[in-house]
Amino acid sequence: MGSEDIYIAGIDMIKFGKFPDISIAKLGAEAAHLALDDAGITINDIEALYSGNLMMASGMVGQQIQQEIGQTGIPVVNCANACATGATALREGWTAIKAGLYDIVMAVGVEKLAGAGMLGGGGGNKKGISSEGLLGSGAMPCVFAEAGMAHSKEYGTTFEQFAQIAVKNHHHSTMNPKARYQIETPLDEVMNAEMISYPNTKLMCSANVDGAAAAVLMSEKKVKELGLMSQAVKIRASILTTDPWTDRDEVMPDINTCTRNAAAQAYEMAGVGPEDLDLVELHDCFATAEVLHYENLGLCADGEAPKLIDEKTTWLGGRIPVNLSGGLLSKGHPIGATGIANVYEISTHLRGGAGKRQAEGARIGLAHVIGLGTCCGIHILEGPSN
Amino acid sequence: MSDNPLPITPLVQIPDSGDPFLQGVQCKSCEAISLKSRLACAKCGGRGTNEPLRLSNKGKLHAYSIIYRAFPGIDVPFISAIADLEGGGTIKTNLIGIDPDPEKIQLGMNVDVVFEVVDRKDAEGNEYLGYFIKPAA
């Protein structure tokens, strides 16, 4: 593996929302243009494109984006990896530069998910009957509720503590103009919202939105050549894991072990520990999930996540702020874009440009996503030193 | 159309005589217990190491969720639950015989596996035998 560092030289996202009249290609193209502009280059400089999209995985979305912004004949790789799709596309680009194939690549993640409703669990068997609602539920709100309740069993985590995650992330989003929603949701409002799958109420479920994000990755040589070092964010670690066999994972997708393994590998590659992180964007697809990942990522010892919640350690201004963007709960979760949007949020803080929600003096951050089925992507990023 | 209820999944075994039971597989090399037969063991990759294993009808509640919003045609609320069975194997199914109330459902409580014909038929009109868990008798 090449020893040269790889940088994010340009990165951006569109404001997440509901865009029924804009094609998926145009949404992706818009994000791509923003990222190219941020890096001060054009599509003609891009040597390979990595496109992340899940719901139209057979639709050649990367090529469709190129048809909007310039068909330059470069290799295009279309990636689908559940909710880790965007992170996977980014990492594929990182891998290719690491291998020495290219100096400049772009990763684009895009999804149209507004109005999609609940995901998972709906598939009926061609033979026999659907078991949904008989043999439990495979719907995502239930799967992640059950994961949270396993934490409750071990450590007594309460409905109110889970709900506080949503209070925090919705609060953070009020300072993020690119979030889908910017609405304060006090604790009683979160707890009294429509119960979807106990203990997750509607305000504790990620928002299905349309969105796109893009990043331009460069070799160190190219960053220096183009004079971009003062804005370039160094990728200190890029890790992808899958779920190894664990005893319950046939009926309870194991989002914990793959995250713990990815975190251990990422900290080792980056040469840092969780105590060195200034902020984290983690996969809060449901409020219950965020609690688990505090421990999975080593932000606290096992069993101490409820204490982190009670002490507001992960709020803006706390020891380790988590999901300052508003997270998937409030910024929104356009699946293929999510993994790049998380990296955008971290990068924005590391470049000191996050405005009211800025994590003060942020130097190192971690972006985490989970794809059910199951995989985990983690990136550890370091800001420009100036 | 079958005269008798069919198993809701291959996990359910319906013997000619005697009570139905759950049958998974165990790897004779690494001892991993799984709910379905595969080409090789999912834990160790061993080939030809899977052997049928009758699972216990007793277990403990590991996790649950009370479902209030479901896909069309599914009655709510219901309790989706995960139970660890005695001697190994973890199943997911509806928890029945208890109110859908977090105050009443105790994580870690003893549960029994029970078998019932479900109120859902396939296009040919076949009935199916499902498995559920309920608080231990």
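Below, chains carry the letters A, B, ... as their sequence lines are ordered, and counting in each starts from 1. Below, all heavy atoms of this structure are taken into account, side chains as well, without hydrogens, waters or symmetry copies.
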| Checking Tyr131(B) against chain A: side chain, backbone, both or neither under 4.5 Å from a heavy atom? | both

| field | Note, Lys121(B) side chain near Ile129(A) side chain (heavy atom, < 4.5 Å) | value | no

| field | Nearest heavy atoms of Ala150(A) and Ala63(B), plus distance in Å | value | N-CB, 3.9 Å

| remark: Whatever's closer than 4.5 Å to a heavy atom in chain A on Ser34(B) counts as both

| said: Would you say that more than 12 heavy atoms from the other residues, nucleotides or ligands in this model lie under 6.0 Å from the NZ of Lys18(A), or not? | reply: no

| query | Is it the side chain or the backbone of Ala81(B) that comes within 4.5 Å of chain A heavy atoms, both, or neither? | reply | backbone

| Glu194(A) versus chain B, heavy atoms under 4.5 Å apart: side chain, backbone, both or neither? | side chain

| task | Examine distances only and state if a side-chain atom of Asn94(B) and a backbone atom of Gly133(A) form a donor-acceptor pair shorter than 3.5 Å. | result | yes

| Under 4.5 Å from a heavy atom of chain A, the part of Leu95(B) involved | neither

| said: What part of Leu35(B) gets within 4.5 angstrom of chain A, counting heavy atoms only: side chain, backbone, both, or neither? | reply: both

| Under 4.5 Å between any side-chain heavy atoms of Tyr198(A) and Pro77(B), yes or no? | no

| Residue among Met149(A), Met118(A), Glu250(A), Met252(A) with most heavy-atom pairs under 4.5 Å to chain B | Glu250(A)

| What part of Thr288(A) is in contact with chain B, defined as an atom under 4.5 angstrom from a non-hydrogen atom: side chain, backbone, both or neither? | neither

| Once you round to the nearest 0.5 Å, how far does CG of Asp119(B) lie from CG of Leu134(A)? | 7.0 Å

| By a 4.5 Å heavy-atom criterion (distance strictly below it), what part of Ile96(B) contacts chain A: side chain, backbone, both, or neither? | neither

| How many angstroms lie between atom CD1 of Ile66(B) and atom OG of Ser197(A), to the nearest 0.5 angstrom? | 9.0 Å

| request: Show your working on side-chain contact (heavy atoms from CB on, under 4.5 Å) between Ile33(B) and Asp247(A) and close with a plain yes or no. | output: CA-CA 7 Å; Ile33(B) 295 172; Asp247(A) 284 340; over 6 Å; no

| message | Distance check, rounded to the nearest 0.5 Å: Ile82(B) atom CD1 versus Arg248(A) atom CZ? | response | 9.0 Å

| message | For Asp75(B), which atoms come within 4.5 Å of any heavy atom of chain A: side chain, backbone, both, or neither? | response | neither

| task | Identify which part of Tyr64(B) has an atom lying under 4.5 Å from any heavy atom of chain A, answering side chain, backbone, both or neither. | result | both

| message | If we define contacts as heavy-atom pairs under 4.5 Å, which of Ser137(A), Pro199(A), Ala145(A), Gly148(A) has the most with chain B? | response | Ser137(A)

